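This report refers to the structure that appears directly beneath it.
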Amino acid sequence: MSFRLDSKKINQIAFYILMAIAATVLQTVFAPALGFGAGAPSFGLVTVVCVGMYAGYDIGAYYGAALGFIIDVTAGRYVGANAIYFMIVGLVVGLLTNKVVWRNLFSAFMLFAGASALKAFYLVMWYGLISFRPEILLPELRVWVLRMLATAVYLPLFYLAVRFFCRRVDDLE
């Protein structure tokens, strides 16, 4: 079995790379100015949810892992934490979209809420059980709540943009 890249597949990969770079620039440069208090919106999470909805579970997982790794490297925190989290989100959203959930804005909000709950669980596990720093858990959860509220405000805009571009990427030659 051989794996051959045709021009359509190369164009799709280039598109997703450009979208990951744009989401990273938005996340690191503009997001702190658009948030509520200490919570800057997570544009990366929104794009991973939307790409998982429209491109499928495989591309959603690859895109999530790549975008999470880029955000990990540019943010200077634990390298791999966002990569694993975004990869799981892209995979689960893609699988749920193929089997259970319709592709609409309400479903995007529900999948985003589920991904946000997964992040809260991750924070509780990391700071409460793994790193044994429960004093950091409450401030992190406060920032997380503000961040998710700020992200929910921008979700419809990103949903419409990613839906538009994912439909166009299927038409690339």
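The residues of the chain are indexed from 1 along the displayed sequence. Please read all numbers here as calculations on a predicted model, not as lab measurements.
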Fill in the blank from the handout: Here the pair of heavy atoms bringing Ile70 nearest to Ala20 is CD1-CB, 4.5 Å

Exercise for the section: Indicate if Leu160 and Val169 have the same hydrophobic cluster label, given that clusters are the connected sets of ILVMFWY residues with side-chain heavy-atom separations under 4.5 angstrom. Expected result: yes

Practice task
Report the distance from atom OH of Tyr16 to atom CD1 of Ile21, rounding to the nearest 0.5 Å.
Solution key: 15.0 Å

Practice task
Mark yes when over 12 heavy atoms from residues, nucleotides or ligands other than Phe109 sit less than 6.0 Å from its CZ; otherwise mark no.
Solution key: yes

Exercise for the section: Could you tell me whether the side chain of Ser107 and the main chain of Trp102 form a donor-acceptor pair under 3.5 Å? Expected result: yes

Handout entry: side-chain contact (heavy atoms from CB on, under 4.5 Å) evaluation trace for Asp58 with Leu91
Key = CA-CA 7 Å; Asp58 51 350; Leu91 178 71; over 6 Å; no

Exercise for the section: Determine whether Val25 and Phe15 fall in the same hydrophobic cluster, where Ile, Leu, Val, Met, Phe, Trp and Tyr are linked whenever their side-chain heavy atoms lie under 4.5 Å apart. Expected result: yes

Exercise for the section: Spell out, yes or no, whether Leu157 and Leu111 are grouped together once hydrophobic residues are joined by side-chain heavy atoms under 4.5 Å, including indirect joins. Expected result: no

Practice task
Indicate the ring-plane relationship of Tyr54 and Tyr159, choosing parallel, tilted or perpendicular according to the 30° and 60° boundaries.
Solution key: tilted

Exercise for the section: Could you grab the distance from atom CG of Leu149 to atom CH2 of Trp144, nearest 0.5 Å is fine? Expected result: 9.0 Å

Problem - Nearest heavy atoms of Pro41 and Ala31, plus distance in Å - result: CD-O, 3.3 Å

Practice task
Compare all side-chain heavy atoms of Tyr57 with those of Val92 and state whether any distance is below 4.5 angstrom.
Solution key: no

Completion exercise
Interatomic distance, CD@Gln27 vs OG1@Thr47, rounded to 0.5 Å, equals 8.5 Å

Handout entry: Full working for side-chain contact (heavy atoms from CB on, under 4.5 Å) between Val51 and Ile59
Key = CA-CA 8 Å; Val51 166; Ile59 293 175; 4.2 Å; yes

Handout entry: Tyr154 with Val93, same ILVMFWY side-chain cluster at under 4.5 Å
Key = yes

Exercise for the section: Can you see which heavy atom on Ser42 is nearest to which on Arg147, and at what distance? Expected result: CB-NE, 4.1 Å

Practice task
Treat each ILVMFWY residue as a node, draw an edge where side-chain heavy atoms are under 4.5 Å apart, and state whether Val153 and Val145 are in one component.
Solution key: yes

Handout entry: Val49 side chain near Val89 side chain, heavy-atom distance below 4.5 Å
Key = yes

Practice task
Check whether any side-chain heavy atom of Tyr63 lies under 4.5 Å from a side-chain heavy atom of Met19, and answer yes or no.
Solution key: yes

Practice task
Indicate the atoms forming the closest heavy-atom contact of Val162 with Cys50, along with that distance.
Solution key: CG1-CB, 3.4 Å

Handout entry: Side chain proximity check, Phe86 to Ile71, heavy atoms < 4.5 angstrom
Key = yes

Practice task
May I ask you to test the Leu45-Met148 pair for a side-chain heavy-atom distance under 4.5 Å?
Solution key: yes

Exercise for the section: Look up atom NZ in Lys119 and atom CD1 in Ile88, then write down how far apart they are to the nearest 0.5 Å. Expected result: 11.0 Å

Exercise for the section: Could you tell me whether the side chain of Asn82 and the main chain of Asp72 form a donor-acceptor pair under 3.5 Å? Expected result: no

Problem - Rounded distance (nearest 0.5 Å) linking atom CZ of Phe43 with atom CZ of Phe158 - result: 4.5 Å

Practice task
Drop me the distance from Leu26's CG to Leu34's CG, to the nearest 0.5 angstrom.
Solution key: 8.5 Å

Completion exercise
In short, Ala23 meets Leu67 closest at the heavy-atom pair CB-CD1, 4.1 Å

